[in-house]
Each structure stands twice: as C-alpha cells, then as structure tokens.
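Reading through the structure tokens given below for one structure.
Order of the sequence lines sets the chain letters (A, B, ...), proteins ahead of strands, with each chain counted from 1. All of these numbers come straight from a predicted model, not from anything done at the bench.
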Amino acid sequence: MNWVNAVIQGVLLGGLYALFACGLSLMFGVMRIINLAHGDIAVLGAFLVWSLTVHTGIGPFWALVPALPIMLILGYVLHRTVLARSLRGGPLTPLLTTFGLAIVIQNALLQAYNPDVRSLGGAAGDIATGSWRITGQISLSYLGVLILATAVLVLGGLQLMLRRTAFGREMRATAQDADTATLVGVPASSVYARATAIAVATATLAGVFLGVRSIFDASSGPTQLIFAFEAVVIGGLGSLWGTLWGGMVLGVAQTIGATIDPQYSILAGHLVFLIVLASPHGRSLLGYRREGRPA
Amino acid sequence: MTLLRVENVEARHGLLQAVRGVTFGVTEGEILALIGANGAGKTTLLRTVAGAHPLSGGLISYDGSYLTGVPAHRRVRRGIAYVPEGRRLFPEFTVEENLLVAGRRARSGRWNLTTVLEAFPALQPLRGRLASRLSGGQQQATAIARALMTNPRLLLIDEVSLGLSPKAVEEVYACMTVLRESGTTVILVEQDLGRALSTAGRVICLLEGRIALDAKTEGLTRDEVVTAYFGFHQARPA
Amino acid sequence: MTPVLEGRGLSMRYGDLQVLTGVDFAVSEGEAVGIVGPNGAGKTTLLNVLAGAVRPSAGTVSFGGRDVTRTRPDQRCRMGVGRAFQVPRPFGGMTVLENVVVAASYGAGLRGTALYTKAVEVLDDCGLTELANRRAESLGLLHRKRLELARCLATGPRVVLLDEIGAGLTDAEAAELVAAVRQIKVGNTAIVWIEHIVHVLVQVVDRLVCMDTGRVIADGSPGEVLGDAVVIDAYLGKAAS
Amino acid sequence: MTDQWTVRRSGRATKISSVAMVAFGIALFAVPFGFRTDVVQQLTTLCTLLMMAVMWNVLAGYGGLVSVGQQAYIGFGAYATIFLTQHDVTAYLAVVLAALASGVLAVALAPLLLRLRGGQFAVGTWVVAEALALLVALDEDLGGGTGVSLRGLNTIAPDWRRAYTYWLTLGFTLLLLALVFLLLRRRSGAAIQAIRDDEEAAASLGVRIMPLKFMLFVLAGFGCGAAGALTLANTLFIQPQSIFGVQWSAYMLFMVLVGGIGTYEGPILGAILFFLLQDWFAQYGAWYLIGLGAVAIAFALFLPRGLWSLADDRLPFRLLPVGYTLRPAG
Amino acid sequence: GGLGSSDDNSKNQAKSALKIGFVSPRTGAAAGFGEPDAYVLELAKKALASGLAIGGTQYDIQILDRDSQSNPQRSAQVANDLINSDQVDLMLTTSTPETVNPVSDACEAAGVPCVSTVVPWEAWYFGRGAKETDKAAYKFTYHFCFGVEQFHNMYTHEWPQVPTNKKVGVMWPNDSDGNAIRAALGPLLKQSGYTIVDPGAYTDGTNDFSAQIAKFKAENCEIFNAFPIPPDFATFWRQAAQQGYVPKIAQIAKTGLFPSQVEALGDIGIGLAGGAYWTPTYPYKSSLTGVDSKGLGDGYQGTGKQWNQQLGPSLALFDVAAAVLKASGNPKDKPGVANAMKTLSVDTPIGKLEWGKGPNANVVATPILGGQWIKSADPKYKVDFVLVENSSDPNVPTAAKLQEYKA
Ligand SMILES: Nc1ncnc2c1ncn2[C@@H]1O[C@H](COP(=O)(O)OP(=O)(O)OP(=O)(O)O)[C@@H](O)[C@H]1O
Ligand SMILES: Nc1ncnc2c1ncn2[C@@H]1O[C@H](COP(=O)(O)OP(=O)(O)OP(=O)(O)O)[C@@H](O)[C@H]1O
Ligand SMILES: [Mg+2]
Ligand SMILES: [Mg+2]
C-alpha cells in the first residue's frame, strides 16, 4: 500500500516539477537559453500574487487573473530590453545575463519584502489542505490534483502550439537560426519575446502553486531549479510533453526513494536522472532531436 | 519602372570595407546577374539589400520608398526574398516545414506549397525529410523554393547553381524564366558566366567592392566581362 | 595497380531509406577518379563511408590492403585519408593559418619547422596566403572552400576525398584549381573528386564514375561515361545532348 | 614564393611580456615577507578564485564544455582533505593529495559525462555535484550535513599558517596557469579550439577528440579540486550544501564571461574584478548583490566579449605566445 | 609588516580604539535570523557611543557589521577580513552553524576572541571537531545557547500537560541540528518513557513527505516533533493536513521561531508548540544598554514589526562583549580577553550568563522554555506566542497551559 501511495504522491509531485520546468523547457529546450533566473522569476510571480491577495483580499487563484497578464508583459519587456541583446553576444552570454537577473531579482525582493517567509496556502483556504481520502493510507490532495491538471493543460497546450500552429513553427524556426528566420519573414525578436512572455507567465503559475504548497521568501527561487532542469533533460530537450513525463519520473523516483529511506529521496531522483543519461537508449531516445549532429 | 535603387551603398565588415559606393537600379521584371571574383562583395551587397547586413553609407529605395531602418522581416513582407549563400535551411525542420514557415506571413500570389512543389518536382518525395539530412543539391533546391514561398517581387539568389547537378540547374533556370514572365525581378549571383549571360538581361560585375561593369548582356563579349573581372585584360585560360 | 582505398559491397540505409546499394569503388595510387551523379544520388554518403564519418550498413572499406571499416575518421585521417567537406566546416574562431596548422600537426603529425613549412606551402598552393591571419568565420563561401582543400592537403594524405570544392568558381579560378589538383596528383596521391562542373572535372580525372539512386550506373574513361545514354538521361539532361 | 613567408609564434614584445609575467608570478612568493597578513589572506582568496576561473575557462572557453557542476570537484577536494587529515595525513600534504584525488574523480566521471553534449552536459554535471553533496552528507564521519572543521592547522602560528597556505595556493595557481599555457602553446591548443568549433571536422583532420576532451576535463577536475582544498585551508570550515553549492559555478561563469571567455588573460581579469567588487562592496548586503547582478547584465549587454577584449583589440601584439601568425620571412 | 612582525600592527594602532566585529546572516537563506540585528546594533552603538572605560583608559568602540550571506565560505572570508584587515579585537557572531561555525573557526585559528550564540551548543562545540571527552576544546571561542538537555527538559515538562500515548513521531533532518538532536535527544526521550518513531533523516529541501506521514499515521503518533527548515515544515504540515495526520501535540523547533513563519501557514499554524530562548516577558535586563526585555520588544515593535526571539540573544552578545572587555583589564591583549571569558558573568536580556559552570569551559547552556502559537489578541498581529512551560528558568512567568492541537 505504501508503494502505491508513493507512486501516486510522486506523480502529483511530478506535476509540480513539470509545471516548474515548463517555462524552462520552453526557453532551454526551444530557445536554447539556459535561464538561471527561472526560479527567481517564479518567486517574483508568487510575491506579486501575494501582494494582490493581501491588498485586495482575493484568493491566490483569482489573483492570477491580473497577475498573469502583468507577468506576460514583464516577460515581453524583459526580452525586448535585455535578453534580445544578449542573445547576439554568443551562446554563453544569455547565461551571464540570466545569472545577473537572478541575483538582482532575489535581492531586490529581499529589499522590498524583507526576509520574512510568506505563503499563499492560508489564503487559498481548503484547497491547500483538503483531500480525497481514497483509503486510510492513500489520499489525493486537491492541490496536488489541481497542480497536475494545470501542468497537463499548460504543457499539453504549449506542446500543441509548438507542433501544430504556425506561431509554434515560427518559434522553432527562430530557435534554430534567428537570422535566417528573419530572412523568410519571421519577426524573430518579437517571436522570442512572446515565447519569453509565455515562459515567464508559466513560471508565475509554478511560483504560485509552490507558494500554496509551502512557503517562500526571496531566496526560495533557486531551490527547485535543479529539479526543473532534470525534468527538462529527462524528458528530452525541445519536447514539452517530454518535460511532463520527465517531471513525473523524477517525482516518482523521489517518493519511492523516500519510502525506502527518507534520506534517499532526492538522491534517488538524481540517480534516476543519471541512469537515464547514461543508458545509450535513454540518450538517443530523448536527446537526438536537438543535440546530435547527423553525420 | 525602377523597383530597386541602390545609391552609393557602402557596407563593411569591421574595418574591412566590402562594398564601396555602389549605385545601380533594377527595373521591374528584369533579371540582373551579379558577378565578380571571390570576395568581390557580392554576398555582402545582397545581404545589405535584404536587410541582413547593416548599411554603413548610402541609400536603398524599393518600390518608391527608402528601406533605411526597415528590418529584414518587413522587407520580406514587402516582397524582397533572399536565398542565402550556404542555404541556411532550418536543419530540424522537414522540407515541408521549411517551406511552410516562409509561407506563413507571405504576400498572396501564385506561389504556395503546391505550386512550389510542382516547380521543383525533385522535392516532392523529400517533403517529410529533415533538412539536415538532405544532400547538398537538395538543400539548394529547397532554399530557392523556400524563398519563392514568400511570393517575392524581388528575388535575390546567391550562388544559384552551386551544388546543383546539370539537370537540376536546367530546372532552376527554367523556373527563373517562369518567374520573369510572371513579372518577378531577380538579382542572381552566378559564377557560370555562360549561364549568367544567357539568362540575365543585364550584368553587373563587382571588383573589390566597386562596380567595374554594368551592361546589357546583348552584344557583350566574354572578353569584356573577363576584363572587368580582374581589373585588367587577361587572356582566357585554356 | 593496387587500390589504395577500396570499398566493397557498400550499402547504407537511414531508417527505411536506402541511400547506397552494394557500391564497389576503388581508387589506386596516383589515380584521379571523378564522381558525378544527380543530387541525392549518394555521392557524399559514399565519401562519408570512405572517410569513416559514418559506418556502412553493409560492406567493407579497406585502405592500403587493411580493413578499416571500423576505424574512426581521425585514425583514417592519420593513416592518409584526407577529406574536404561539401559544405565547408572551418573552425570559425581560429585564423586560416591555425586551421591549417591543426591539420598539419595532427593529420600529418608534423612538428616544428616541418609543420610551418608545410603550412606555408599549403596556404600558398591554395591561394590563401593573403588571408592567413584572418579569422576563418570572416571568409566568404569560396574562400571557405579553398580552406577546406588546404586543410585536407595539409594532413599529408595518400588519398584525398574532395566534395565539390570547385563549385561556384569562375573559369579562371577553376583553372587555378585544376592546376592545384594536378599538383596533388604529381605527388602520387590518389584523388576522388565529386563535382557537378563536369568540364572542370574532366581536365583532371583519369576515370569517371556516375552514380544514381545509390548505385554506380557507369564507370569508365570520362569520354565513355559522358557519352553514355543512361548518364545523359539521369544526370546531364538535354544540355549535353 | 613559399620561402617569403614564415610562421611566427612570438614577437619580441610577446617575449618580453611573457618573461615579465613569469617574473611577476615568482615575485608574488615574497609577499608574506613584505606585507601585512590581510594582504596575504586576500591574495590567497584571490588565487583560489583565479584557479576556479581559469579552470572553468579551460572547460567552457576552450573545450566548449559548459559545466554547471565544477563545484563537485571543489567540494570533493575539500572533503578529501578532511578525510585525509582524519587519517593522520598532515594538512598541507592532504591538500595536494586531495587535488590529485579530484583529478582521479574526474577520470572516473569522464566516461559518463563526456558523452553528453550542450545542455545535457551542463545539467548532468550539476546533478553529479548535487549527488556527491548528498552522499557526503550521509557520511557521519565527515560531519554529515552539519559540516566539519579542518583541525590540525591550529598548531601553526597564525601568520605562518597564512603564509604557508598562501604559498601553496600561489604554487597551485602558477602551476595551473603554466599547464594551461602549455596546453595552448603545444599543438593541443589549436586542436582544442578546433574541437570546440566543430568536432566532426576536427576528427576528419586527424584530431583525437576524446583524449583531448578527457585531458581538459581531468585538468579542470584537478584544478577545481585544488581550489576546493585550498578554500578549506583558507576558511577552515565546510558544509556540504555550500561547498557543493551551485553558486561556485555561477561565480566562475561570472568571472570568465566578464573577463573574456576563451582567452588566456580574460579569466584572470575577471577573477580580479570579482574579488575587488566583493572586497569593496560586500558589506552593503543585498545592495551589493543587486549591484553584482547589474554588473553581470551590463557586461552581457555592452561588452559581451569581456574586459580583455578592450585590451585585446587595442594591443598590437599578444601578451602570450599561444597563437600562430604568418609573417614575411626575415 | 610581514611575517613574524604582526605584533607591530597592534602597536601601531591608536591605543584607545577598540574594534568589534559582528557577523550575521543578512541575505540568503537565513536572512530571517539577521532581520532584527540592525535594530539591536543601533541600541548597542548608542550605548557604546561614549566608549568604554577599561583599566583607567577610555576606549572608543567601533562596531564593524558584516553580512555572511548565509554561506560558510563567505562567513569565513568576512571573518578573516575583519581579523586581518580591520584587526578587530573581539568578534561577535550569531545565527545558524553556516555563519557561526566558520567565524568561530577563523577566530580560533587566528587567536582572536569570539563570542557566539543561536546555534545549539552541541552543533557548535562538537560540530567543529571537539571530542566528547574534551572539556575545554577551544582557547578563543566562546558560546552561549541552549542544547539538547534544555529541549529534553522542556519537552518532558510540557508534553504531560496534554494526555497522549507518549508516541513521538519525529522529523529530524540530516543537517547540523537534526543530527545533534538525533544523537542526543532521542535516547533521552526514550529514557523518559517516550516511544520514538523515526522514519530516518531526510535531506533539507525535500518536496514530498508522504512516506513519513504514512508512517506516523500507521504508528498513531500523538506527539509530533520536528527540527526542519521552514519551507520543509510548511510542505510537510500541509501534506499532513491533506493526508489526515493530526497529532495532539505538534512540537516544532528551528522553524516557527518567527511570527511570519507561523502566519504563513494560515489556520493550521495555530496551536503549534515551539521553544523560546527569549520573549519580552523575560524578567531580565541588558547590562550594557539598561534596556529590559519588555523595552526591547516594544522598542522593536515601534519600528513596525512584531517582536521575535532573535532580539534577546543578539543584544546579549553586546552585553557579553562590553563585560569581557572590561573584565580583561587590557582589551588589546587577545589571550587576556579570551582568558577573561572563562570566568565571565554577565546580565543579559536572556538571563545571567556565567561561563565556567556550563557543560564545558567554552559554553554556557541557556534555558529554553516552551510556548505555543495562538491567535493574536492584538489586531495588529495575526499570531502571538505565549509561554506554557518554564522549568528551565522558573523566573520567567508562564501565561497559559499547553492546548491540544486541533486541525
Ligand atoms: N563576416 C565577415 N567578417 C569579415 N570580413 C568578411 C565577412 N564576410 C565577408 N568578409 C569579407 O568581405 C569581402 C566581401 O565578401 P563577400 O562575401 O561579400 O564577397 P563575395 O563576392 O560574395 O565572395 P564569394 O564569391 O567568396 O562568395 C571579402 O573580402 C570577405 O573576405
Ligand atoms: N543522415 C541522413 N539521414 C537520412 N537521409 C540521409 C542522411 N544523409 C543523406 N541522406 C539522404 O541520402 C541521399 C544521398 O545523399 P548524398 O548527400 O550522399 O547525395 P549526393 O549524391 O552527395 O548529392 P548532392 O550532389 O546533392 O550533394 C539523399 O537523398 C539524402 O537525403
Ligand atoms: Mg558570396
Ligand atoms: Mg553531396
């Protein structure tokens, strides 16, 4: 029974990882920007939503209604002002930019909100603590299911958008070769900017769920970053569906590891990640699309 | 009617001036061959017109207005298409996706996926293949087809026949004739002098970034061209 | 004459796409072989197999009588198989000279003065002396092609595999190239040269091979092959007729 | 024609500048005799930063291997030192052995990690570092998650202890700089850059890819291990979460990119700049960090090739003879 | 300057100026601990503005305040800079082993006296390498803080206030506090008749605790005890609520120190039991500033924030500093100052600290009292902390009895 519960909780946890990884996957897998500021952007979004809930008294999910557009605009502007220019500097320059951005956001939040911890869980009410009790040992939390459902919707929607729509095609074209994309009429920088906007908005979503699930303060951003990166890589760069699976594999690995012994929880996730990378099958299955240069 | 006018255009790569004060005009429906030795500045000139390379002096006007400050993707929408040197296909796209991405914001016109594939029958069986897996000549054909998808009024082609088999060259030039008939203006860079002279109505020869020759192809002798090429008279090599 | 580089029964498939089908190919010391064929015929793939960039699905490759089918490309290069890519692949961040130095020091195993002499010589042969200290990424396409050739020659090969190094050259430039390639041949190096500009090719090669859809459809003296009706139909088109 | 040209590796200016740099490096050994301990201590810190920057540059700048996990070796070097001192090895000897052990760790990890590319490599190295941190935290003898202090240096008088640590750090720094120089100066230098630009083309010219990458990877492991062990000798206390923390990689990235990636001198400048920023402004807390971030962004936007490019574009000669130039003979 | 001549430096310095270094986490993960430090520093600076008269000499006092960024390497670096560049005469440091241990190590190695607090003393003393048998492991570094004993004492007096089955589910992480507690508190609690259900050490930053929750539910642990970092506890506690684990006593340490951490939990935070090393109801006064605990709390609340426990020990550090400098007779004599620490006795807001009597020569073990988080009566604040148990220091009044935790 414990094992069944571990798997279920792992899948739910995977939803959170996937959601967290979504924006990263978009930027890292598709646009090839390793965004070190992703976690901090998520926390920024959480703070924004927190401020909205405090000042207006609405619940965190309602607060998303104004917050998401704000973050979309922020992402757009971020790209137009900073990222676009640093993309021209070579493949590693965006890394430096996002590193700078990460510490700027983190410490600006620290200045603005002081080091107190915050949570959105209280304001979310029952959703944060309620659950469906399946048996004495197994329960499905409202929140976990909501996160998972959101992850499926967001990642699935973006995956469809990328693969099936003309805008998605333009985005992938821009990622492969931005200069040439402009030569076939794609407004590359605005495509990138829109993609960044989406990434920032999904980060906000993830940040809010994180805030409902636990607590956050200005320095919480980086803590989940590695799990998100792992999810992206396990799932294969460039595939958002893959990221969803990657998140779940990681989540289940962690909960099963914890069932064996709590200290193996995170370690188990890392080991599964390394095993996937090490196995020739895993690598070719997941990595060929982007990284292998055909002979 | 003059479709494109290039006035005193200068372009540089860092300290190196690749195009120096080039002036010429192209009338609608004309085919212009741009020739010149290695490093003469042909590619740079075309890229400047397409908006892929910054202008460091002079003006370019197209269809009655200046292009200064117009980004490359807008120029495409106004009808300037460029087939880059080295093809530059999107390697992770299939042939079809390569074509479609160019067609998305295209002007309307006769070219669409169907008509383009008809013009390049060799591409038909390759539709679903990744561009990175194409042979050199297949890539070249795709690159030209991709440019057509934007329904250009002015088509700039760098190194037209590079890598194409003789038969494929035939097809491409046949297509060029079709284009002219439909009123499309073409500027092509071509090293095969014979081809260039027989297809184009006019030829411009660049020498170290300057125009060394600008003439109608009718009545032009090979010797005149070769002289322009090297800046001095040189016997045709055996 | 014994073949230096020989492929027997070479087949290559990508997924369900058969790119080469039972190709036999050989080139002897000092011999120059041209390969022609329509786009997508499998010429470059054949070169890839010979150079070791891909492993054939079936068949063997031997070099100097040794089976090298499973030998890595860098090993084959050091053994004496030089290769110029169809789409040039310069090391953009390095100067032209440094590009050549890599080839001469690793491919040919030269050191010190011998290395420098070789580099200077190869640059001069390929007309790149003027550009020697330029970063390779700043070269135009045709200069890149020359650099491709220069690097290939700098590895001190016993056989060179050239893929469309002459494409896009003007007549005069082509003449220079022909002279340069003839020079290679004088040194008893075997040459395999893919080129679509047939009139340039025939000035150098002793033998011409025509491929189509992964098979060799003609093999013989240039005159024979170019006069072959099958070749005209598949490759040359009506221009030749 | 051919004898009119020759290949040159160094001009007179280059020779003078390299001799001057070597002399300066050696002169630095005398610092503890002439300066206060705080200078010695700060130079030690600077040297460890410098080692890290140089090593990261070797990997990312020359080898194209962007690692986010070099802290694995930093942490390993530090913990190996602890482990050895716990087994009665003298502290300074332990530092040297720990650096070597980190090199061995790199040898062990290379088969797994070097097969990865680009983003996979970056994340893969990071995960390895995290996994190592967790494994170390499981070991009670090494202090578990609590952290552990380096005992055994306390017996030496503080000034001498700092001087010894400094000399060892400086020695390692110069050794690493010399190794990198040799790597670049010898034919491997050009080959490494070739691999970074295009692996397959490099292979087609006879370059053995794997051994070279392996060499870079092991060198970087060794260097970072040494930096970690010396960090411990300098700070005396470590804790798995921080010594294996990803912030090291972030700092390396900062130093290398701000200084100028893929150049010999850039990371040195970057390390000095980072050190000075920290030294002057760190007391301003969050504002300092905001400023640091702003500096990073400003460099990315306005000087993407880094500080060294300013000098490089203006200097008529190279400071170090690592390149090749064609010059008229005579 | 240079090797072997470091003595010159102190001679060169103006005789009458003393420098005190103060290192605490202001940014990074532990920034919450450093939050009240700015206020405390103000108080101390004001009190020391006119300097100190020691052995007939009037000394100017300069306090050098540094941020450790919650990172050991950074802590060591700032400490070394303070020691070497600024040549501080005394070092003070507080809050979490990440900051305190490296600073202490740097001071010990350099021979600079150092006083520290807010790290359970075992994690400080043994965590830095002292053996069980060492009774005076350090020459220059001194510490005051609670330890496992105090927790044990508090728990065994507080828990009986609510009837339970004496089964304790514990969440002790694999970090400095968790390990110290597991090694020492577990056995003590067992001796006192409690059954410990320990699912094992987990790693800080774990995102799912269903395994532990399942175990606690299966074993019916009516008491729950945890030493987690705040985000882990929040995750755990929400999951526990989701999965229906409701103990009668939820005893937390390390998290729930500050009102914001409890507030953030919403309703499920009300009723959590925690320990306190200082509250404004402590009947003690700072010997340096003359401020009493209530004054300290109110003064801080005057700046707009609710009081928190850090105020007491932080101010106490300055009390100790002033006292030991005076006691030394010659504050420039570093070994002399360190020597004076051994027998120092000083009044602080957290009580009288007396070295030489504690568990060892370097440490004073300070009391920890039991309290519970309740809904605040003051409309300005959401939650309030009331003391329910005071056996470690009966001078401090309790305000209520422990209430059973209700979901
Ligand atoms: N990216 C670059 N950086 C520096 N110089 C460049 C760059 N690209 C081209 N050049 C130089 O500019 C000049 C003009 O080059 P361009 O490519 O326009 O000539 P081209 O006539 O197209 O030559 P080709 O026939 O080789 O394609 C040449 O000297 C070339 O070396
Ligand atoms: N990696 C690959 N995966 C799948 N198909 C491939 C791959 N590489 C080549 N092909 C296909 O194999 C066929 C032969 O390609 P190849 O490059 O050998 O042709 P080629 O004779 O060199 O043509 P060209 O004259 O146009 O250069 C082509 O149809 C090509 O699309
Ligand atoms: Mg060109
Ligand atoms: Mg080919």
Any side-chain heavy-atom pair from B:Phe93 and B:Arg146 closer than 4.5 angstrom? no
Is it the backbone or the side chain of B:Pro71 that comes under 4.5 Å from a heavy atom of chain A, or both, or neither? neither
Kindly write out the residues that satisfy side chain to side chain donor-acceptor pair (under 3.5 Å) with A:Thr202, not counting sequence neighbours, or none if the list is empty. none
Distance alone, cut at 3.5 Å: any donor-acceptor contact between the side chains of A:Ser190 and A:Arg194? yes
Please identify, among B:Arg47, B:His73, B:Met149, the residue contributing the most non-hydrogen atom pairs under 4.5 Å to chain A. B:His73
Parallel, tilted or perpendicular: rings of A:Tyr17 and A:Phe227 (30°, 60°): tilted
Interchain contact, B:Arg77 with chain A, by part (heavy-atom threshold 4.5 Å): side chain
Please state whether the side chain, the backbone, both or neither of B:Ile80 comes within less than 4.5 Å of a heavy atom of chain A. neither
Under 6.0 Å from the ring centre and within 45 degrees of the ring axis: does the NZ or CZ of B:Arg75 meet both conditions for the six-membered ring of B:Tyr82? no
Would you mind telling me which of B:Gly103, B:Pro91, B:Ala147 has the largest number of heavy-atom pairs within less than 4.5 Å of chain A? B:Pro91
